[in-house]
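So that the names make sense, note that chain A is the first sequence line, chain B the second, and so on, each numbered from 1.
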Amino acid sequence: MPFFADLQWRGLVHQTTDPALGAWLAEKPRTFYVGFDPTADSLHVGHLLGVMMLRRFQRAGHRPIAVVGGATGMIGDPSGKSAERNLLSKEQLQLNIDGMKRQMEQFIDFDESQPRALLLNNFDWTGPWSYLEFLRDIGKNFPVNVMLAKDSVKGRLGRGDAGDPQAGMSYTEFSYMLLQAYDFVHLHDRHGCELQAGGSDQWGNITAGIDLARRMRGAHLQGFTWPLLTKSDGAKMGKTESGAVWLAAERTSPYAFYQYWFNVDDADAANCLRLLTELPQAEIEALDAARVADAAKRESQRRLAEELTKLVHGEAGLTAAKQATDIFFGAEISSLSDKELGQIFADVPSKDLPAASLQGAGLPVIDALVEAGLAASKGEARRTVTQGGAYVNNRRVDGVDAALTPASLASETVVVLRSGKKKYALLRFA
RNA sequence: GGGGAGUUACCGAAGCGGUCAAACGGGUCAGACUGUAAAUCUGAUGGCUAUGCCUUCACAGGUUCGAAUCCUGUACUCCCCA
């Protein structure tokens, strides 16, 4: 299947500036760019579509450019936001940009491949502008009535009222689209970039760039958007009770990342496979059929989790995630080493206690649950045990009087406690 | 400024002198079922050295053998009139 037709089949194409974009791309290798907001020092699931898009283009022989918004990040993109944004400090921005760079390198080849990918920071060309120059050269090309008509602006106007000073929109945010628009012109000048893509909320910013390039250079540039990644219930993909799902292993462990995708609703599986993986059409359709036939097997979710974990955390990360999964949902834990347990339970809270507390009558399980933070009080711990929800090394505790002794150690110094189905904690006796 | 209503556990909301650690609903936590899902069902839900003890019903005092419940003052919230 031709490259762009494949994107369309996957549902990755929402709006385009030109219905014949596929043919245009097939003519010759094009330079293509996607912008990223440096809001944190790690990418999260919300960035995945964009990063994957760069990767897809590179693999199809086009040249991808990732633009990190060092300049625009200082302003704050109003698109899709309901309130004025907090501005980030320059130092924080630099940290964020560095972190995001490292992660993108896993997806995109910045070195050897022929159509060499680039990672640029728009502060490099936006920073030197003086305000007057900017107004004369860039601002002159933006009719205010056109700017006011953009959805990102329209949605925010009229909201300002005395009761909520955060409503409405500041001049700073209003100027955001000028900066992003100029990015496109600059990339066209310096790198021959002709195509920009972004999430559907970026449509206004993309077309602003195309308009500016036409006015300033007489150039004819292209753009398209992909749909926002949402769940069947309308909620944003990649959000959990405990916050965003990150790509950085320090923020979201490979295990947690794997589990997130493994637990995707049946209704969302088809979409995720298409939008996020590189599996070929035939395989995705086979998975769809298998899911309809036997949803309980969750072949789609497993494949999704495997593909994405491998992509983000590598083979080793995937192996670790699957190993941890086996243990978490498996039988008793015993004869492992401290090191193995430490890796498997990387994001499980732990607490150090003196080894002596295991001696004699041992440490009552009730107390252990409280120490480990699995119960807020002894009463709660007692309740959990009584109801059969407490486990030591994945083995159910069968009485409130049970105690931990040296025999309870699952490895040299660690005991694995669990409350309920999935809440774990480690106790280290050193 | 004047008049009225209120303040109960994580949230909402009963209780109006003893039988109140406080009904009920939501949430939360466990259990069963299940596909590591959804729905459903069951139990639990102030603390503890636990058939008892201790600390809670805005805050501080008071009445009483006994108060979340009555009285006085303080703080805050809401409504009506100016």
Residue list, side chain to side chain contact (heavy atoms under 4.5 Å, CB included) with A:Arg10, at least two apart or on another chain: A:Asp6, A:Leu12, A:Arg56, A:Arg274, A:Thr277, A:Ile284
Qualifying side-chain hydrogen bond (donor to acceptor under 3.5 Å, both in side chains) pairs with a residue from residues 363-380 of chain A, counting only residues at least two apart or across chains: A:Lys351-A:Glu371, A:Asp367-A:Lys378
Summary of salt bridge (charged side-chain N to carboxylate O under 4.0 Å, His left out) pairs that have at least one residue in residues 245-257 of chain A, sequence neighbours excluded: A:Asp41-A:Arg251
First-last contacting nucleotides on RNA chain B - partner chain A, under 4.0 angstrom, heavy atom: B:C29 to B:A50
Neighbours of RNA chain B within residues 289-303 of chain A, by heavy-atom distance under 4.0 Å: A:Ala295, A:Ala296, A:Arg298, A:Gln301
By side chain to side chain contact (heavy atoms under 4.5 Å, CB included) - contacts of A:His191 (at least two apart): A:Arg63, A:Ile65, A:Leu118, A:Leu120, A:Leu187
Stretch residues 415-423 of chain A: residues that reach within less than 4.0 Å of RNA chain B through a heavy atom: A:Ser419, A:Gly420, A:Lys421, A:Lys422, A:Lys423
Side chain to side chain donor-acceptor pair (under 3.5 Å) partners for A:Glu285, two or more places apart: A:Gln281
Contacts of A:His44 that satisfy ring-ring contact (aromatic ring centres under 6.0 Å, His included) - sequence neighbours left out: A:His47, A:Trp246
All side chain to side chain contact (heavy atoms under 4.5 Å, CB included) counterparts of A:Thr309, not counting sequence neighbours: A:Phe257, A:Tyr258, A:His313, A:Leu318, A:Ala321
Residue pairs, two or more places apart or on separate chains, that pass ring-ring contact (aromatic ring centres under 6.0 Å, His included) and touch residues 408-430 of chain A: A:Phe328-A:Tyr424, A:Phe345-A:Tyr424
Salt bridge (charged side-chain N to carboxylate O under 4.0 Å, His left out) contacts in which one or both residues fall within residues 16-31 of chain A, not counting sequence neighbours: A:Glu27-A:Arg30, A:Arg30-A:Glu194
